[in-house]
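Here's the structure we're looking at; comments come further down.
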Amino acid sequence: MSEIDLSVNVGPLKLKNPIMLASGTVGYGNEISEFIDLSKIGAIITKSISLKSRKGNPPQRITETPSGMLNAIGLTNVGIEEFIKNKIPFLEKLNSTLICNIAASSIDEYVECVEILDTQETIKGFEINVSCPNVREGGLIFGNDINAVGKITSKVRAKTKKPLIIKLSPNTSNIFSFAEVVKKEGGDAVSAINTLVGTSFNIFTKIPKIKNVTGGLSGPAIKPVALAKVLEINRNVDIPIIGIGGIMDWKDVVEFMIVGASAVQLGTVNFINPKASFEIIDGLINYCKQTSINKISDLISSRIIE
Amino acid sequence: MSEIDLSVNVGPLKLKNPIMLASGTVGYGNEISEFIDLSKIGAIITKSISLKSRKGNPPQRITETPSGMLNAIGLTNVGIEEFIKNKIPFLEKLNSTLICNIAASSIDEYVECVEILDTQETIKGFEINVSCPNVREGGLIFGNDINAVGKITSKVRAKTKKPLIIKLSPNTSNIFSFAEVVKKEGGDAVSAINTLVGTSFNIFTKIPKIKNVTGGLSGPAIKPVALAKVLEINRNVDIPIIGIGGIMDWKDVVEFMIVGASAVQLGTVNFINPKASFEIIDGLINYCKQTSINKISDLISSRIIE
Amino acid sequence: MIIEDFVVDSNIKIAENTFLIGLNSQINLDNLQPGQFFNIQVSNNHFPLLRRPFSISDIIDDKIYFMYKIVGEGTSILSHKKKGEKINLLGPLGNNFNVSNFENILLLGGGIGIAPFPFFSKKLVNKNFKVLFGVRTKNEAHNYGLKNVLFSSEDGSIGKKGTVIDLLDEELKNLDFEKTKIYACGPNAMFRALQKYLINKNIECEVSMESAMACGFGICQGCPVEHNHSESYKLICKDGPIFNIREIVI
Amino acid sequence: MIIEDFVVDSNIKIAENTFLIGLNSQINLDNLQPGQFFNIQVSNNHFPLLRRPFSISDIIDDKIYFMYKIVGEGTSILSHKKKGEKINLLGPLGNNFNVSNFENILLLGGGIGIAPFPFFSKKLVNKNFKVLFGVRTKNEAHNYGLKNVLFSSEDGSIGKKGTVIDLLDEELKNLDFEKTKIYACGPNAMFRALQKYLINKNIECEVSMESAMACGFGICQGCPVEHNHSESYKLICKDGPIFNIREIVI
Ligand SMILES: Cc1cc2nc3c(=O)[nH]c(=O)nc-3n(C[C@H](O)[C@H](O)[C@H](O)COP(=O)(O)OP(=O)(O)OC[C@H]3O[C@@H](n4cnc5c(N)ncnc54)[C@H](O)[C@@H]3O)c2cc1C
Ligand SMILES: Cc1cc2nc3c(=O)[nH]c(=O)nc-3n(C[C@H](O)[C@H](O)[C@H](O)COP(=O)(O)OP(=O)(O)OC[C@H]3O[C@@H](n4cnc5c(N)ncnc54)[C@H](O)[C@@H]3O)c2cc1C
Ligand SMILES: Cc1cc2nc3c(=O)[nH]c(=O)nc-3n(C[C@H](O)[C@H](O)[C@H](O)COP(=O)(O)O)c2cc1C
Ligand SMILES: Cc1cc2nc3c(=O)[nH]c(=O)nc-3n(C[C@H](O)[C@H](O)[C@H](O)COP(=O)(O)O)c2cc1C
Ligand code: FES
Ligand code: FES
């Protein structure tokens, strides 16, 4: 169909194109597969999985903000057992490249999860969520503690040879130090960013619009921040980066790659247009043709700063 | 005109209403005074002043982002001397409550500035900018260094009896610790937030849209983050807070006050609607009437969290 | 499920702040069921960012209608759409009202909760049904697409003075509970009152729940509702929006 | 300076991607000067957030006209405005072209840089002026409100093949430099070429600069330009947008 080479490498992880679907924004793939052929997407990242199933936060869980949304889902998930039994086989059938995102309340739980899931051949890599702003444990406590992130990386690394991605929190002043630690402890890549902590209140009832009080801000509003974080990491640490935050169209993807991302993840946009990933891949092909790029990987870090 | 008491206290600083105009978004008042009567506004904060004049960053300095804008002005200012000679007399004539915002490249420069300006009677208080993301020194270096913020606060405190406000950076994982230090070292209030670090690139030329590469993100996009920072400070530290970030209308002001702000500052909105402060004051009066509030200060921290 | 641009055919005001928008459909409408909804993108820039869910209000030939009330930015933008403009629909979404064999059917609409009932009424042509429409004041009242309507109003300006539950209470006096089924749509406050009212009354009742929604088709987990028969939350967009009122925690 | 809603009277396409919007004015237009601009809020929600600056293109009776090219979201929204809709204007802003007593006046417009010249031409009725209009291709060409127009086009499809500087060069052959003044408006690339071209030629030249702008009236410091006579930057919105081409660093 096209002569453009869209494939990219995120460290040891080889993707047919740079478009991944972000954790928590496509569930386990079943609903979105009604709209798109998941085998054509770079990779799909599962909703964060934990050892035991989690019920998640009570309603209201989401609210809209200017060019963004707040969510406090609370890592609702089916738990590892159910995931292996019912979710993996489905994704396997669809021939999708599966990355498993893991959230845990303790360092040991991360290790245990990876140990159990490592035998699953369908799982092509792990993304470790140390940055969820919406749960007390395993969320920002880890995400903003550089020692914890280092320990999680090294301990999980010891349990798997699969590509290991650590998903970083933007709610810090020096994200590059976290990326540095990840590299040092053997992580293969970082993904940036998870959501920013935000809140919103009803001015008549005076209660928070989100039951959890604070939530994670995602969507176009955070794109400039996400780009700056990717740039900061890329300028300071030699590690592959997966760019996330506010991507709505192919132009945003190009921007992230120019700034330093080897691949990207689509989050909130899936809710608005579940076909976005497909339209974006088409857009990227056109852009490459228009600008005479044969290999999309040439875009990575191609920024020009005088 | 109205029986509603709009006055608020920000520590020792008494304001006729909670609406202040944010530093860097109204210059020294002359242009905006063509649209509004500055004597009717709670206070006007000057563009950050430094000891010597600063030329600022080369163009391009600003760009728009989804529901926001990036700026890297680079603390362009006329310097203290010119400020005293030509800017203060004008503001004095207008009968506006003047807060002087100070930016510096060293702790000593902050101290020197305050020492010089403290004798100016027109100046009703100081706001110390330790959080500008767009200059190498005196910007984020201080803003993210809790010891530096402590030192600046205590040394400046020693030189003035006027209300002392420290303007905090949001680009940190624990803004409340900074507020804690400010309180400990004798600061009267904190303002939160300054802009978030962001960037944006042209996908065809591959150069940054802003010459300085990164800029500060302001506008409605950051409102949820700003509210969360105000809430975090208010939950943890007993210090008056001036809420800033993405305020466009009176509803946003009410939201900030409910969450914990004693007063607020309007920034980006002044560019779009220089009469916004006036319309907001009217809106607040209506809201108070509608919800049977006699004193607007009753709104402060009136949030209800179960 | 489709994602498709529909062309606006009409957009008229039918009561205070209440509009009915008609869209020419490209898709086959025959299989749509009352109670289902579409998630509608009200503008083609990203302001507002998320889609807005609206129940199917009516279907006439190849036109689909949504009845909506202006409550914020999204519905306000929708009210300015003119004939010929395009809006993007995602759907059909959700489950539907269960039409079972009851002698008496009561459709309870609180405010804009009346929206799904014109379409639903059409599926009840051979049944004995009444529509109980609760409004605050008569300016909100209309009978677009409705038959057998009784009103209640908080200020007494139309129909019975009181809530729609008061009206229901009156109606039920003459009905055999076990042969009666209620379908209700409205705000959560109404459902809470209804839930309480129905305790110890052996009447079946289905409600169409509202919730803030991001996706509308089950991928964001943004619309949970506590359900008696399930340890985990149910999703209003996917498992609902129609639930047995006795099985949910409102 | 006023901030006021203006009502759209007309909005027509005059060339490829180029539109002319006419607004009924509430304010007295008599004192407006060519080269001044307004900062226009293209939508009444906050998308896009900032106003967009546009030069006064023409004034006819109590109507003010802006000529614009679709280059992004804001101008695209503007192009969809219909008669009767309101848009909010802030202005008039900036300084104006200086009409001095020169024998020959050349108005140089690069692309949409032609925008201020219909209005400017009217102030030059008694003067000897020509309009040099450089386009990429003839689809972009028009002569709305213009007299004495010569075209240049990059592809040669209309007028002289080449840039507007080539056209200028040709015109200047017959003119006395000291009795000639150039007024130019266009992209920075054109100004750079023009600046270079004018080195060692004793011709006066004023240019109307563009810049990203937030406020348009001097409070954001967003629109600096390096200026030979000043240590600090000048502001394009307030000190400009019209500058002597020899005094600025482009
Ligand atoms: C399955 C379903 C079917 C619906 N059918 C209809 C219908 O047929 N006609 C109709 O008018 N409305 C319907 N709604 C509600 C409608 O989706 C909201 O009114 C709309 O999203 C508000 O958008 P807005 O931008 O105008 O308001 P916003 O600015 O988003 O919000 C304005 C106010 O409405 C509240 N609100 C926002 N979304 C919802 C929501 N989903 N539920 C309850 N309150 C909300 C907000 O908290 C706020 O107070 C339905 C909702 C659901 C979930
Ligand atoms: C004093 C002044 C007068 C102007 N007069 C006119 C006029 O009469 N007619 C007209 O069509 N345009 C004029 N412009 C330019 C016009 O303001 C921009 O084209 C417009 O703001 C673009 O808005 P947008 O949302 O469509 O594009 P955006 O999406 O904002 O941007 C699209 C592209 O245009 C570039 N751009 C954005 N703003 C500017 C700018 N101010 N200058 C240069 N490039 C920009 C962006 O970098 C981007 O590449 C004038 C600009 C100034 C400063
Ligand atoms: C509703 C929702 C749920 C999310 N759940 C998870 C999650 O379980 N694990 C995780 O690592 N990130 C989660 N995220 C974060 C996204 O993966 C992504 O990092 C973030 O949304 C920013 O990207 P976006 O702006 O494209 O949405 C979630 C985001 C949203 C909006
Ligand atoms: C163009 C611009 C210039 C600014 N300059 C300063 C400054 O000199 N000193 C300062 O403390 N803050 C400065 N700020 C930050 C604002 O005072 C404010 O904290 C920020 O813009 C967030 O508020 P907003 O979203 O309402 O704009 C500037 C902001 C903008 C947009
Ligand atoms: S709205 Fe997304 S899961 Fe229900
Ligand atoms: S655009 Fe704000 S100062 Fe010029």
Side-chain angles (χ1 to χ4, degrees), chain A residues 21-22 24-36 47-48 53-79 82 209-211 215 218-221 223 246 248-249 252 267-276 278-279, chain C residues 1-5 39-53 71-75 77 87-94 188-189 209-227 230-241 248-250:
Chain A
L21 304 181
T25 68
V26 286
Y28 308 103
N30 24 338
E31 293 89 359
I32 201 151
S33 69
E34 289 202 35
F35 295 103
I36 52 171
K47 173 82 191 158
S48 285
S53 73
R54 291 199 200 204
K55 195 172 171 188
N57 293 326
Q60 182 166 344
R61 287 181 177 177
I62 56 169
T63 194
E64 190 167 332
T65 67
S67 295
M69 63 176 282
L70 289 169
N71 89 78
I73 307 299
L75 298 180
T76 309
N77 81 84
V78 296
E82 167 74 5
K209 289 200 184 160
I210 288 196
K211 188 76 173 181
S218 66
K223 194 185 70 164
M248 296 302 286
D249 57 28
D252 298 330
T268 304
V269 70
N270 294 310
F271 305 153
I272 301 150
N273 177 11
K275 287 182 182 165
F278 260 53
E279 293 170 8
Chain C
M1 268 194 289
I2 54 101
I3 310 180
E4 208 81 59
D5 279 344
N39 215 357
I40 299 185
Q41 198 167 7
V42 298
S43 78
N44 46 18
N45 52 43
H46 298 307
F47 190 92
L49 184 65
L50 301 174
R51 290 173 182 264
R52 299 290 189 263
V71 297
E73 193 76 48
T75 43
I77 292 173
I87 57 178
N88 192 275
L89 267 63
L90 192 164
L93 301 168
N188 278 348
M209 298 278 293
E210 281 202 4
S211 163
M213 288 188 179
C215 69
F217 58 98
I219 62 171
C220 77
Q221 302 279 332
C223 60
V225 58
E226 190 112 32
H227 195 275
S230 161
E231 226 175 282
S232 54
Y233 286 105
K234 294 272 184 192
L235 294 178
I236 291 180
C237 72
K238 218 186 140 183
D239 304 313
I248 49 172
V249 181
I250 304 165

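- Between C:Arg52 and C:Glu73 there is no salt bridge, since no side-chain nitrogen of the basic residue lies less than 4.0 Å from a carboxylate oxygen of the acidic one.
- Between the side chain of A:Arg61 and the backbone N or O of C:Cys220, no donor-acceptor pair lies under 3.5 Å.
- If you measure heavy-atom distances from A:Thr76 to chain C, the contacts under 4.5 Å come from the side chain alone.
- For C:Ile3, the parts lying under 4.5 angstrom from a heavy atom of chain A are both the backbone and the side chain.
- Between chain C and the options A:Pro58, A:Gly267, A:Ser53, A:Gly29, the largest number of non-hydrogen pairs under 4.5 Å is found for A:Pro58.
- In this structure, CZ in A:Phe35 is found 8.5 Å from CD1 in C:Ile219, a value given to the nearest 0.5 Å.
- Heavy atoms closer than 4.5 Å to chain A are found in both the backbone and the side chain of C:Gln221.
- Expressed to the nearest 0.5 Å, how far CD of C:Glu4 lies from CG of C:Leu89 amounts to 9.5 Å.
- Interface remark: A:Thr63 contributes no atoms to any contact with chain C (heavy atom separation under 4.5 Å).
- For C:Asn44, the CG atom is loosely surrounded, since the number of other residues' heavy atoms within 6.0 Å does not exceed 12.
- Note on C:Ser232, C:Gly218, C:Ser211: by heavy-atom pairs under 4.5 Å with chain A, the leading option is C:Gly218.
- A:Tyr28 does not touch chain C: none of its heavy atoms, backbone or side chain, sits under 4.5 Å away.
- Using modelled atom types, no side-chain atom of C:Ser230 and backbone atom of C:His227 make a donor-acceptor pair closer than 3.5 Å.
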